[in-house]
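Presented below is the structure to which this report refers.
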Amino acid sequence: MAKEITSRNENYSQWYNDIVVKAGLADHSAVRGCMVIKPYGFSIWEKIQRQLDDMFKATGHQNAYFPLFIPKSFFSKEASHVEGFAKECAIVTHYRLKNDPNGKGVIVDPEAQLEEELIVRPTSETIIWNTYRSWIQSYRDLPILLNQWANVVRWEMRTRLFLRTAEFLWQEGHTAHATKEEAIEETIKMVNVYAEFAQNWLGIPVIVGTKSESERFAGAVETYCIEALMQDGKALQAGTSHFLGQNFAKAFDVKFASKEGNLDYVWATSWGVSTRLMGALVMAHSDDNGLVLPPKLAPIQVVIVPIFRNEEELSAISAKANDIKSKLEQFGITVQFDDRDNLKPGFKFAEYEMKGYPVRIAIGPKDLEKGTVEVARRDLLTKEFVAQEGIEIYIQKLLQTIQNDIFNKALNFREANTTSVETYEEFKVKIENRGGFILAHWDGTPETEAKIKEETKATIRCIPLEGNKEPGKCMVTGKPSAQRVLFARAY
RNA sequence: CGGGGUGUAGCGCAGCCCGGUUAGCGCAUCUGGUUUGGGACCAGAGGGUCGCAGGUUCGAAUCCUGCCACCCCGACCA
């Protein structure tokens, strides 16, 4: 089985693709730009879903579901929104097929044309706000704090597994509020939920900030985001939270009566993360041996591989392995015992490394004699012998250590690849040579931003909320700048 | 949508330029045996409308035309 993975340093795209495919996460499908998420990949996604869902519930949200199809007219109601999404939508024009009278197969029945086309949702603001109109009359109906787990379709020109597929899975939160302050508070609360999840669960350090005007979500007043740095020095937007002002309420005529008896438009937010997080996970931690999963997201945290010469040995080792397995499981650790007898241990080692299992335990005849096991860490590729006695405590601690170490390694990488520059010349050199995050002053104008993008392919990833807020002078124009902003080339 | 490339067994490929036995190879699969502390070995077996549709020809994986799909590089984007 030829399973070698392309080196990370030679062809980053190929390396990424190899890992996604060979670790069994996903594959290209027969449908243009779409992917098949395989069981192993999906079980990781389910862990992401479950944890995020818990965090949404803990912040007072509920789940709901809205239609896949959106009448075309809904899109015309918010001008900047349609401009942002119109280019890349799948459109349903007919509702029936019929047998081709001229030959084999089926054709679209021209008789069955829809009066109004339906758009396959690229995002659900429009249909949800059209619904909210009938739900909201009074301030007593607010806030509405909903989340939807769904698939959406954006007809992208070029696709990459998880990072950009024509169809993708995500969650989208859509909230309605009586006041501007409350909506802004919600927007910030949710971007912080994303940041916490990225760091504590995915093990990916992120910069929280706001988008510049040109990078802002179509229809938003302000977009907050989390930005992560990948191992090739490119940035990945991992989640966004939008303050939508009253734009959608005005577009869909959603008003409420306030306590004082005034009629006012409702304030809105929306926020989302997608299966792109899976891509972030791969690009942030993997190495040339394959995927590296943080223990909190690994579907199986520990695999036990027996080493044996014959059936007697296997049965003796199995007894011990099952004993250890149940001890670990009592500590809430997920364990798999791989007793397949047609594969050699070395093959299994390589396979579990490829799939990113955080810890591997090998048990052989020597271990039975000495009362030990061999424990291998996926993240560092180190091995050591550990006493069987108290193994469950050892492994429990080890999993926590690995979770922390993976995050710290990514954090160190980001620190090492984040630089502050003063001049545009310096900026150009940095972006070309090592990429990474670059902190620089910017005069706040779209023109300067566009010039930088045009000349260097770098964009403003965000205006960081935290960190050094010293004012300075724009590296391009020399005009005053309130604070440094974060630049990078991005996915 | 522009530039480049590829479609041959489950996967990876050779064959095509220069048409000619029954279309090959590696991995995987199945059977039997020997193995098993880092990707095993030997022997045997199964598996193909050569992307699709036309055309040229006695004869097409190979030449011609059209179409389709996918990949890579740009532009666009979560």
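Below, read A as the first sequence line, B as the second, and so on, with proteins coming before strands; counting in each chain starts at 1.
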Does a side-chain N-to-carboxylate-O contact under 4.0 Å join A/Asp27 and A/Lys38?
yes
What contact category does A/Thr165 fall into here, base, sugar-phosphate, or nothing, at under 4.0 angstrom with non-hydrogen atoms?
base
Hey, does A/Asn310 reach any base, or is it just sugar-phosphate, or nothing, if we go heavy atoms under 4.0 Å?
nothing
Using the C1' atom on both, measure B/G26 against B/G33 and round to a whole Å.
23 Å
Pairing nucleotide - B/C30, Watson-Crick or G-U, each distance under 3.5 Å:
B/G44
P atom, B/G48 versus B/G24: distance in rounded Å?
13 Å
Pair A/Glu227 + A/Lys211, salt bridge at N-O below 4.0 Å:
yes
With C1' as the reference atom in both, quote the distance from B/G19 to B/U56 in angstrom, rounded to an integer.
11 Å
Can you tell me the Watson-Crick or wobble partner of B/U65, both distances under 3.5 angstrom?
B/A53
Using a strict cut-off of less than 4.0 Å between a Lys/Arg side-chain nitrogen and an Asp/Glu carboxylate oxygen, indicate whether A/Glu167 and A/Arg154 qualify as a salt bridge.
no
Is a donor-acceptor pair below 3.5 Å formed from side chain A/Glu353 to base B/G38, judging by atom type as modelled?
yes
What is the base-pairing partner of B/G59, counting Watson-Crick and G-U wobble geometry with both distances under 3.5 Å?
none
Checking contacts here: which listed nucleotide (B/G37, B/G39, B/C77) is nearest the side-chain heavy atoms of A/Arg276?
B/C77
Under 4.0 angstrom, heavy atoms only, what part of the nucleic acid is A/Arg360 near: base, sugar-phosphate, or nothing?
base
Taking A/Lys451 first and then A/Glu447, would you say they form a salt bridge - that is, a charged N and a carboxylate O separated by under 4.0 Å?
no
When rounded to whole Å, the CH2 to C1' distance for the pair A/Trp15 and B/C71 reads 19 Å
Closest listed nucleotide, where the reference is the side chain of A/Met354 and the choices are B/G39, B/G37, B/G38:
B/G39
Under a 3.5 Å cut-off for both contacts, is B/C70 paired Watson-Crick or G-U wobble with anything, and if yes, with which nucleotide?
B/G5
Taking for each residue the nucleotide of RNA chain B bearing the nearest heavy atom, is the 5' side occupied by A/Pro345 or by A/Lys453?
A/Pro345
Under a 4.0 Å threshold between the charged nitrogen and the carboxylate oxygen, would A/Asp379 count as salt-bridged to A/Arg377?
yes
When you measure only distances, ignoring hydrogens and angles, does the side chain of A/Arg164 come within 3.5 Å of the base of B/C77 through a donor and an acceptor?
yes
Inspect the contact between A/Glu432 and A/Arg489 and indicate whether a charged nitrogen and a carboxylate oxygen are less than 4.0 angstrom apart.
yes
Whole angstrom is fine here: how far is it from NZ in A/Lys22 over to P in B/C11?
14 Å
Send over the distance from A/Leu314 CG to B/U35 P, rounded to a whole Å.
16 Å
Tell me: NZ of A/Lys234 to P of B/G74, nearest whole Å?
7 Å
Regarding the side chain of A/Phe347, the nearest nucleotide among B/C71, B/G37, B/A40 is B/A40
Separation of atom CZ in A/Arg154 from atom P in B/A78, rounded to whole Å
6 Å
Is there a donor and acceptor pair, one atom on the side chain of A/Arg309 and one on the base of B/G37, closer than 3.5 Å?
no
Determine, for A/Asp54 against A/Arg50, whether the closest basic-nitrogen to carboxylate-oxygen distance falls under 4.0 angstrom.
no
Any donor-acceptor N/O pair under 3.5 Å between B/G38 base and A/Lys383 side chain:
yes
Salt bridge or not for A/Glu353 and A/Arg378, using N-O below 4.0 Å?
no
Given atom CG of A/Asn342 and atom P of B/A40, what is their separation to the nearest angstrom?
11 Å
By the Watson-Crick or G-U definition, both distances under 3.5 Å, B/G19 is matched with none
Would you classify A/Leu236 as touching base, sugar-phosphate or nothing, given that sugar-phosphate means primed atoms plus P, OP1 and OP2, and contacts are heavy atoms under 4.0 Å?
nothing
Expressed as a whole number of Å, how far does the P atom of B/U57 sit from that of B/C11?
36 Å
Separation of A/Asn17 atom CG from B/C11 atom C1', in whole Å?
14 Å
Which part of the nucleic acid does A/Thr123 contact within heavy-atom distance under 4.0 Å: base, sugar-phosphate only, or nothing?
nothing
Mate of B/C13 where both pairing distances stay under 3.5 Å, Watson-Crick or G-U:
B/G24
Assign A/Thr240 to base, sugar-phosphate, or nothing according to its heavy-atom contacts below 4.0 angstrom with the strands shown.
nothing
Taking atom P of B/C77 as reference, at what distance in whole Å does atom CH2 of A/Trp170 sit?
15 Å
For B/U36, what is the paired nucleotide under Watson-Crick or G-U wobble rules, both distances under 3.5 Å?
none
For atom P, what is the distance between B/C50 and B/A9, given to the nearest Å?
10 Å
Heavy atoms only, 4.0 Å cut-off, all strands: where does A/Glu313 land among base, sugar-phosphate and nothing?
nothing
Give me the distance, rounded to whole Å, that separates B/A53 from B/U29 when you measure between the P atoms they each carry.
33 Å
Have a look at A/Lys366 and say if it touches a base, only the backbone sugar-phosphate, or nothing, with a 4.0 Å heavy-atom cut-off.
base
Between B/G54 and B/A60, how far apart are the C1' atoms? Round to whole Å, please.
13 Å
Rounding to an integer number of angstrom, what distance separates B/A43 and B/G37 when you compare their P atoms?
22 Å
